[in-house]
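What follows is one structure encoded as structure tokens, with my remarks underneath.
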Amino acid sequence: MKQLIAILEGIGGTLRLLVRAVAFAPTLPRQLPRFMEQCYQIGYTTLPIVSILSFFIGGVLALQAGYSMESFGAKEFIGSLVGLSMARELGPMMVAILLAGRVGSAIAAELASMKVYQEVDALVTMNIPPERILVLPRLAAVIVMMPVLTIIANLVGWFGGAIVAHSVDFIALEPEKYFETLRRFTKFEDVANGLIKAEVFGFVVVLICCSIGLNTRGGPREIGAAVTKAVVVSLILILVLDYFLTQSLL
Amino acid sequence: MTTTQNTARVGLFFLLGVALVWVAYATLSDGKALKSRGYNLVAGFDNLKELKQGDDVRMAGVKIGSVQETRLAGRRAEAVLRIDPTVKISSDALAMIGSAGLLGTNYIAIDLGSAGVPALAPGAEIRTTASADLNTIMTQLGELGGKLEGALGSMSEVLKGKDGQPGIFQRLDALLANNSAKVDATMTSLQQVTDKLNRGEGTLGKLINDPKLHDELLAAASDLKAATADARTIMTSAQGIVERVKSGQGSLGTLIYDEQAGKDLKAIAANLKDVSDKLAKGEGTLGKLINDDSLFREAQGTLRKADRALDGMGDSGPITAVGVVAGALF
């Protein structure tokens, strides 16, 4: 019962945080440097790990698909499988998980320590709402950066699949054939679906991490607990939301 | 690292993202929205099958556009086709839904139509024809399988029998079982006959086994041949005779073909008839000789008298014999 109340409190607090942050949206142009800083953190510094991960996910997909499809002569459809999987599911999902692990944890840790060391209270005392300078730039940055990260993840994953499908001996699929089937079966709608999903995931991850960070109470030990909680809740929400989003976007 | 540098990186990164989204869009949608040139045609079908927006429209296998929209229009389904503006489609061209693979990628196939026929105007409706889809073919195959099963069932009934009636093999078996003695006897006789034949017994055996008979047969055949040659010669001669007769040569020819000879013959016959008539009536010397027996009687009487005279002559001697003969005759 106590836990249930805590969960409901968390949901309510998060929603209140969201409303307050959105209410400060008109102040965003004045916080451009802060926004840019968050974009740099969320987008630019996440790019290498997103690229590496996507390349190998595409490669593994091609490898597995080649292994399964080769036995019934459908290996030219590897392109369509990798294309659709990356665009609709794995691209946005992997970016969101990386975001939760790399950016979400950082946000939760930063905000939790600010809260624990009463920096947030100091801001409030100075009549600076923490939602305005701590939450809004991050939300805006993730909205702008998520599609960029996702489309890069998709393209790198497609090329990774193509390289693996071409270079592995028992598949040996020509890249022309790979991209021909990829283009035939993958439409821009699939990519757009993935971008919408990524947008929702990123937004939710950042919002949850901000909320958990800002609601941390206690001493330094709670900072670590807050980070763990933020990442776990983010991952769970990503997967749950993924199901419902996929269903509603089909 | 300064804030300005970071901002520049973020800007570059964002532009890269936007560019990539645009590239993906242009590649995957064939830049449809960017260059929506061309004109629309409407194709109505009973069933669009797996046809969906973005599928190819091909004329004689060459891509000339894509399916812009699929919709229901009353009691039929319509596909709106976006056609390349450089392609003109004859108004008698036929559109059908083709299948590019077993996995259900469909496209609209349009034939070339006739030359010299006016082209379809934008927004016009193209003539369509239904194509057999895999489901229909499968249904027909299923029906065929049912019929085949029925036919095989009937055949098996014939072979195995039905409702207590024996099948064809059972009947054959029964026939053989019932007549096995006769069949055995026949086979034995047949065996004996062939044995005899092998041993050269009987006419047929000799004919088969004896070379002498063969030689004789050959000789007989050559005799027959010679006889035939002779017969041919005779026939040739006869033909020559007939030809001579036909040409009126020789006695027979004269008789048959000479009119004068015919007339003479008729006259001879008439004379002969006249003579025989007279003879029958007893006219003339010969007639009387034949028909009048008085002459016979007189001759008989004379001979009797002569007989008596000869008897008397025997008694009176030879000299008186002459006198007696003379006295009897004169």
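If you're wondering where the values come from, they're calculated on a predicted model, not measured in any experiment. Residue numbering restarts at 1 for every chain, and letters A, B, ... go by the order of the sequence lines. Side chains are part of it too, since the values below use all heavy atoms of this structure and drop only hydrogens, waters and symmetry mates.
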Rounding to 0.5 Å, atoms OH (B:Tyr25) and NZ (A:Lys187) come to a distance of 12.0 Å

Which atoms of A:Leu155 are under 4.5 Å from chain B, going by heavy atoms: the side chain, the backbone, both sets, or neither? side chain

Using the rule given for side chain to side chain contact (heavy atoms under 4.5 Å, CB included), can you reason through B:Val21 versus A:Phe188, listing the C-alpha separation, both sets of side-chain angles and the distance that settles it, and then say yes or no? CA-CA 9 Å; B:Val21 171; A:Phe188 185 71; 4.1 Å; yes

Could you tell me whether A:Phe244 atom CZ has more than 12 heavy atoms of other residues or ligands within 6.0 Å of it? no

Other residues, nucleotides and ligands only: do more than 12 of their heavy atoms fall within 6.0 Å of CZ on A:Phe159? no

A:Phe56 atom CZ: more than 12 heavy-atom contacts under 6.0 Å: no

Heavy-atom neighbours of B:Asp46 CG exceed 12 at 6.0 Å: no

Taking everything shown except B:Arg71 itself, do over 12 heavy atoms lie less than 6.0 Å from its CZ? yes

Result for side chain to side chain contact (heavy atoms under 4.5 Å, CB included) between B:Val10 and one of A:Glu37, A:Gln41, A:Gln38, A:Met145 points to A:Met145

Pairs of heavy atoms under 4.5 Å with chain B: top-ranked of A:Asp190, A:Val144, A:Leu32: A:Val144

Inter-chain contacts: residues 12-19 of chain B against chain A, heavy atoms under 4.5 Å: B:Phe13, B:Phe14, B:Leu16, B:Gly17

Relative to chain B, which segment of A:Val191 carries a heavy atom at a distance below 4.5 Å: side chain, backbone, both, or neither? side chain

